[in-house]
There are 2 protein chains.
Amino acid sequence: MNQMRGKQSIQFDKAPYLIASSSVVGAKEGEGPLGMMFDRVNEDPQFGEDTWEKAESQMQKEAAQMVLEKTGMTPEMIRYLFSGDLLGQLTATSFGAGGLDIPMFGLYGACSTCGESLALAAMAVGAGYADTVMALTSSHFASAEKQFRYPLEYANQRPLAATWTVTGSGAFLVAGEKKNNGARKFEHIRITGVTGGRVVDFGIKDSMNMGACMAPAACDTICQNMEDFGRKPEDYDKIITGDLGYIGQKILIDLLNEKGYSIEKQHMDCGIEIFDPEAQDTHSGGSGCGCSAVVLASYILPKIEKGKWKRVLFVPTGAMLSTVSFNEGQSVPGIAYGVVLEHA
Amino acid sequence: MNQMRGKQSIQFDKAPYLIASSSVVGAKEGEGPLGMMFDRVNEDPQFGEDTWEKAESQMQKEAAQMVLEKTGMTPEMIRYLFSGDLLGQLTATSFGAGGLDIPMFGLYGACSTCGESLALAAMAVGAGYADTVMALTSSHFASAEKQFRYPLEYANQRPLAATWTVTGSGAFLVAGEKKNNGARKFEHIRITGVTGGRVVDFGIKDSMNMGACMAPAACDTICQNMEDFGRKPEDYDKIITGDLGYIGQKILIDLLNEKGYSIEKQHMDCGIEIFDPEAQDTHSGGSGCGCSAVVLASYILPKIEKGKWKRVLFVPTGAMLSTVSFNEGQSVPGIAYGVVLEHA
């Protein structure tokens with residue numbers, strides 16, 4: 001039997017395997033510190049399309065197709081797709097992965113969607129509802145800027161607390177024990193547990209400081225995960241947040257210290273890893289649904305596969321911001337999902 | 001063991017119970033044919049708030065609180081919340097149900113979200129991941145018009161194919177066999193199976209004719225449900241779509257006839273039931289995330305509870321439309337989820 005753990009976590013009886021991943025990014029991400037690790041760097045920010053939204057859809061399709069190619073699988077072999085993006089009404093997903101003809105569950109958890117999709121994917125496989133499912137998320141710098149801020153042509157100045165939306169899409173295949181007729185690119189990565197995320201609102205209204213908006217949610221989910229599973233930070237080789245950036249990281253570490261948890265040694269943030277802040281002028285770091293997805297796909301998973309990291313708590317973070325809520329003076333609540341990845 | 005059925009369906013080994021529902025609607029819905037059945041009709045379209053988005057959030061909170069009150073439960077007793085709405089970045093949900101402090105999975109399936117949320121809720125309970133979960137969706141006429149069309153003050157004319165977005169929110173509690181310390185308002189309704197929905201795009205570009213955009217997706221999911229479970233239309237007392245309206249209904253019946261399925265006798269559409277098209281000037285019918293939710297909560301479930309209907313296929317339908325994709329000349333693909341509700 002699958003086990004409910006504590007207040008909001010699940011421990012899988014038969015922990016699903018994460019058998020393959022793919023990452024597709026833009027040119028700027030390719031120039032960053034992780035550039036060599038991504039599966040595909042596309043120099044054309046429009047991905048051959050005529051709008052930013054279609055570009056993001058195309059990038060998402062490429063990531064999905066690539067993870068299928070890697071395993072020699074076809075869309076018909078994937079029972080369900082859990083996917084999302086940042087755009088209103090999941091525009092990129094509706095016209096991207098939607099075209100794959102895989103039964104789809106559309107998700108929105110802001111930049112935490114990679115965690116939400118992996119959690120639900122693991123839950124579906126762990127329950128025996130599917131042999132193999134796909135989790136897929138994307139973000140695109142230009143479609144996000146257009147939607148949340150200003151058209152790029154305005155060249156508006158970004159404050160130092162701001163993060164840079166990652167152009168990237170990551171796809172993941174999650175499968176059960178049984179042979180699914182696909183080649184397993186990873187054989188030693190299991191999703192052993194998940195922790196659902198609550199909306200946490202500290203009343204912060206600065207949409208240019210997402211790290212501060214999301215850090216309290218990351219703190220909440222990390223604490224809950226440790227409480228639910230009876231673990232300490234040292235029980236994880238790494239605790240990896242999605243896109244808190246430099247400012248959010250400091251806040252998270254402070255908040256967790258107040259709760260009695262010291263995670264300085266274990267903490268890593270995908271938004272900090274993906275760009276070089278000096279050379280790339282990205283201020284507080286990278287962000288977006290694609291940020292944690294492509295860092296997980298390219299950098300984190302191979303380390304778990306090789307056993308360099310035995311147990312990782314992956315915590316994508318999201319800021320519940322819309323231009324409408326922002327312009328109406330609402331705060332920016334955060335949410336974060338916890339996914340426990342183990343070498344096994 | 002839970003059973004994968006056919007290509008995209010699940011049959012639950014221990015079918016979860018739908019133990020309670022609530023419906024909160026606006027004045028116009030209260031004046032419609034189902035008006036007397038809704039739990040609460042709020043005469044104030046702003047629900048005491050100063051923006052349409054906050055109004056929708058407030059309505060959603062009221063629906064959630066009401067379903068908890070009916071069963072004597074508290075938010076702490078609900079393990080997960082599956083919820084969504086139509087607004088960009090799920091604005092209504094982020095600031096509505098998010099405030100309940102229940103670990104949340106944010107969903108977007110356009111107007112099909114009620115089906116998506118019930119499917120995932122049943123999957124979570126059916127797998128033993130939770131004792132009790134909540135599914136919750138909402139839409140508001142004014143927040144939807146403002147986002148997808150024009151400010152209400154423009155008083156733009158609506159074509160006859162258009163539907164009227166329902167102001168309403170429906171909340172549902174889904175629970176396992178075990179006592180969850182709440183009073184069960186319904187004791188005889190079980191979710192015995194679900195059918196995942198695929199994105200189906202017939203290339204229709206008329207955003208004022210949602211019924212035509214969604215009917216092919218409804219057809220796809222209904223056919224797949226019958227194929228996966230080895231059923232005929234007669235095996236259902238009712239096959240109930242979400243918000244196809246009069247035009248979409250005709251198309252659906254035609255499309256299914258072409259596939260060899262005749263559902264004239266069983267078919268019902270929540271969008272057709274909720275308004276009186278003559279007296280209420282709603283043209284093709286009602287629509288929105290709240291439409292199928294409040295009709296299910298108030299009208300359909302009591303009939304199943306009493307055994308008047310033994311087996312119902314509930315198929316909320318969604319049109320993947322954003323103002324951005326529409327203005328960029330994209331088509332409007334559809335999606336539909338199937339939820340099998342049985343008297344037991």
Side-chain angles (χ1 to χ4, degrees), chain A residues 1-4 7-8 10 50-51 53-54 76 79-80 84 86-91 93-95 97-110 113 116 119-120 123-124 126-131 143 146-147 195-199 201 224 320-325 328 330 333 335, chain B residues 1-4 7-8 10 50-51 53-54 76 79-80 84 86-91 93-95 97-110 113 116 119-120 123-124 126-131 143 146-147 195-199 201 224 320-325 328 330 333 335:
Chain A
M1 267 299 278
N2 294 302
Q3 252 192 297
M4 289 178 243
K7 208 168 143 196
Q8 55 204 63
I10 295 163
D50 59 359
T51 72
E53 292 74 21
K54 286 186 196 166
E76 297 76 48
R79 197 165 176 90
Y80 299 118
L86 292 175
L87 305 180
Q89 290 77 42
L90 302 189
T91 311
T93 300
S94 302
F95 297 95
L100 290 173
D101 236 20
I102 305 171
M104 182 177 95
F105 291 93
L107 311 177
Y108 181 78
T113 308
E116 186 185 2
L120 288 168
M123 287 162 70
Y129 296 142
D131 289 328
S143 61
K146 173 180 157 185
Q147 177 175 259
T195 301
R198 295 186 296 175
V199 176
D201 190 350
Q224 198 62 51
M320 302 303 220
L321 165 78
S322 82
T323 49
V324 173
S325 62
E328 288 175 359
Q330 298 259 54
I335 192 163
Chain B
M1 266 301 278
N2 294 303
Q3 253 192 299
M4 290 178 241
K7 206 170 145 194
Q8 56 203 63
I10 295 164
D50 60 358
T51 71
E53 292 75 22
K54 286 186 196 167
E76 297 76 48
R79 196 167 177 88
Y80 299 117
L86 292 175
L87 305 180
Q89 291 76 43
L90 303 189
T91 311
T93 300
S94 302
F95 297 96
L100 290 173
D101 236 20
I102 305 170
M104 182 177 95
F105 291 93
L107 311 177
Y108 181 78
T113 308
E116 186 185 2
L120 287 169
M123 286 161 70
Y129 296 142
D131 290 328
S143 62
K146 172 179 157 184
Q147 177 176 259
T195 301
R198 295 187 296 174
V199 176
D201 190 350
Q224 198 62 50
M320 303 302 220
L321 165 78
S322 82
T323 50
V324 173
S325 61
E328 288 176 358
Q330 297 259 54
I335 192 164

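Because the structure is predicted, anything quoted here is derived from the model rather than measured. Every chain is numbered from 1 and lettered A, B, ... according to where its sequence line falls, protein lines coming before strand lines.
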Please look at [X] and chain B and tell me whether the side chain, the backbone, both or neither of the residue comes under 4.5 angstrom of a heavy atom of that chain.
{"X": "A/Q147", "result": "side chain"}
{"X": "A/L86", "result": "backbone"}
{"X": "A/F95", "result": "side chain"}
{"X": "A/D50", "result": "neither"}

Practice task
Could you tell me whether a side-chain N or O of A/Q8 sits under 3.5 Å from a main-chain N or O of A/G197, the two making a donor and an acceptor?
Solution key: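 Not confirmed, A/Q8 side chain does not pair with A/G197 backbone.
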Problem - Sidechain-backbone polar pair: B/Y129 side chain, B/R79 backbone, donor-acceptor under 3.5 Å - result: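 Side chain of B/Y129 to backbone of B/R79: no pair is present.
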For chain B, which candidate among [options] shows the most heavy-atom pairs at distances under 4.5 Å?
{"options": "A/D201, A/L90, A/T195", "answer": "A/L90"}
{"options": "A/P103, A/G88, A/A110, A/A124", "answer": "A/P103"}
{"options": "A/G84, A/A130, A/A119, A/G109", "answer": "A/A130"}

Spacing of [X] atom [atom1] and [Y] atom [atom2] [to the nearest 0.5 Å]:
{"X": "A/S143", "Y": "A/K54", "atom1": "OG", "atom2": "NZ", "value": "14.0 Å"}
{"X": "B/E116", "Y": "A/F105", "atom1": "CD", "atom2": "CZ", "value": "6.5 Å"}
{"X": "B/M4", "Y": "A/Y80", "atom1": "CE", "atom2": "OH", "value": "8.5 Å"}

Practice task
Below 4.5 Å from any heavy atom of chain A, which atoms of B/K7 appear? Answer side chain, backbone, both or neither.
Solution key: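 For B/K7, the contact with chain A is made by the backbone alone.
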Handout entry: B/L321 versus chain A, the contacting section by heavy-atom distance below 4.5 Å
Key =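 Interface part for B/L321: backbone (N, CA, C, O).
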Can you tell which of [options] has the highest number of heavy-atom pairs within less than 4.5 Å of chain A?
{"options": "B/S322, B/P333, B/G196", "answer": "B/S322"}
{"options": "B/E76, B/M320, B/E53, B/E328", "answer": "B/E328"}
{"options": "B/L100, B/T323, B/D131, B/T113", "answer": "B/D131"}
{"options": "B/I335, B/L120, B/T93, B/I102", "answer": "B/L120"}

Exercise for the section: Considering non-hydrogen atoms only, spot the tightest contact between B/R198 and A/D101 and give its length. Expected result: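 Closest approach of B/R198 to A/D101: CD-O, 2.9 Å.
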Practice task
Using the side chain to side chain contact (heavy atoms under 4.5 Å, CB included) rule, take B/T91 and A/Q330 through it: C-alpha gap first, then chi angles, then the decisive distance, then the call.
Solution key: CA-CA 10 Å; B/T91 311; A/Q330 298 259 54; 5.7 Å; no
